[in-house]
Structure formats: structure tokens, C-alpha cells
Amino acid sequence: MFEAVLSNGSTLKKIFEGIKDLCTDVNFDVSSEGIKLQAMDSSHVSLVSLELHTDVFEQFRCDRDSMTLGLNMKSVTQIFKICGNDDSVTMRAEDEGETLEFTFEKGEDRVSTFELKLMDIDSEHLGIPDTEYQCNVKLPCSEYQRICRDMAGFGDNMTIDCQKGGVTFSVDGEVGKGKIFLKHQPNVEEKHKVIVTVKEGVELDFALRYLNNFAKAAPLSDHVQLGLNSDTPLSVRFDIEDKATLGSLKFFLAPKIKE
Amino acid sequence: TPIQNNLDEFYTLV
């Protein structure tokens, strides 16, 4: 049997909101260590990787070595509309069951339950090695969200140029070109901090459609971390409630290459 | 126009 209780149900709601437009069906891989999910978008350009450690849950129980729960994202997000922002969520599935039961509770006054039919999903797992990035940028989620949204008005691609001292986001579109520079700002108020760590400068192009999609996970944490390498996909990482110990929602995006 | 790379270029299936 699998049973997990999360007192802050909105965390799960935010996770599903963050990935629903990239993947239609996903597998929840449950084990005694927590919940993992890996899914690619249909064009194999981006990948979602979720890790929820048991620390994020008030109660966590998985009797088997592993269980795979296939979820349709549209149905899950529909179900989470039932979940109020202050509700706790309990997920429950029998070992050979065909459903995942969600219970949303606010105190004892209001209890909603929904049994979701599970799906059998063929998923391709990619091996993603632990990568040391040449450049790491930590910036406020609100800033990331704003940059991606504003830049999408001018073009389809955004160049991220990370150098010692700061990071430049630029777009070159039909109406003209623009750029936004964020200075390495370690000594300001936490919520405004921008940390740019550079071993070697990197400049890469990415599709704004995907970067904007990742921004939908912004409510999950205060800061987002970008990892850039000249020869591997971009990593966009949101730590759950800004605590890596609880887990993270990561997105990987293949860069564009100039002809 | 730059060409969109795909993740299969970088990672292998496991």
C-alpha cells in the first residue's frame, strides 16, 4: 500500500500546474525514498524531473520496493481544483489497485475525496548524469518569470549569456532586438538576490516557448537556479519551498544550434 | 534561424 499525507496540499497543486502543459501523461514512481517523476514533452526537446523526498510529507508509507502510478495530467489538474490552498492532501493506492485516491481536508469540517483511475503509460527514461555546470545563476522566480514573459513579445528565441559579474538575456526579433542584464548581487535582501557563479562564460540560445512553460512552476519557490554548460541542456531548477532537502522540480531544455 | 536540438542528442535511454 502507498499512503502519503501532505499538510500543504498547494505544493502538489503548484507542481502539477507547473508541468501540465509540457506532459500529457506521467508516471509517479513511488518508493520508500519518496516520489519521482520523469517525463519528456512529445517533441523530446524538454524534460521534467521531479523528486519529492519523504521529508516533504507528514506521513509516508510505501510497502513495496516500488510502485508506478500512471496519471493523466489533465485529470489530475482537474482534481486539484477541488484542493483549497490550505487543504491537506492524502494520496492512497492499494498494491495492485487501479486507482489513486486523493483526499482533501481542511480541518474536519470539509473532506473531499476523488478516486482517479490509473493509466498504463509507456515511458522512456533518460539517464541524466549529475552535471557540474560551467555557469550557475540563482535569481528570484518573479524575475525569471518576468524576463521570459517580456522577451516572448519580441521573438521566439532567447540568448542567455552568462559571464563573470552578471547574466544577459537577449532577444533578436522582427521588430528589433533587446537585452536585459542582471548584475551579480549577493549582498542585497534575500528576495532580490542574484548569484552568478562562472567557471567559464557560456552563451546559448533557447526557445522562449519552453522557458515560459517552466516559469509556470515559479509559485513553488522564491528562487530558481539555472545551470548552463556549452555542451549539455539547460537545467532550470525549483527547490520545493526553497529547500533542496524537501526535493526539487527540474526542467531540462536542449539548446538551439546556429546553422 | 537556429535549429532546435533534441534531448536524445545529449542523453541516452535507460
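Side chains are part of it too, since the values below use all heavy atoms of this structure and drop only hydrogens, waters and symmetry mates. Reminder, nothing fancy here: chain letters follow the sequence lines and each chain counts from 1.
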Contact listing (chain B partner; residues 125-136 of chain A; heavy atom under 4.5 Å): His125(A), Leu126(A), Gly127(A), Ile128(A), Pro129(A)
Heavy-atom neighbours of Asp122(A) CG exceed 12 at 6.0 Å: no
Heavy-atom neighbours of Asp231(A) CG exceed 12 at 6.0 Å: yes
Gln4(B) side-chain N/O to Ala254(A) backbone N/O, donor-acceptor pair under 3.5 Å: yes
Short side-chain donor-acceptor distance under 3.5 Å, His44(A) and Asn6(B): no
Segment of Phe10(B) engaging chain A (4.5 angstrom heavy-atom cut-off): side chain
Set of side-chain contact (heavy atoms from CB on, under 4.5 Å) partners for Cys141(A), sequence neighbours left out: Ala218(A), Ser221(A), Val224(A), Phe238(A)
Under 4.5 Å from any heavy atom of chain B - which part of Asp156(A): neither
Contact check, side chains of Pro2(B) and Asp205(A), non-hydrogen atoms, under 4.5 Å: yes
Gap between atom CE of Met40(A) and atom CG of Leu7(B) - 0.5 Å precision: 6.5 Å
Lys36(A) atom NZ: more than 12 heavy-atom contacts under 6.0 Å: no
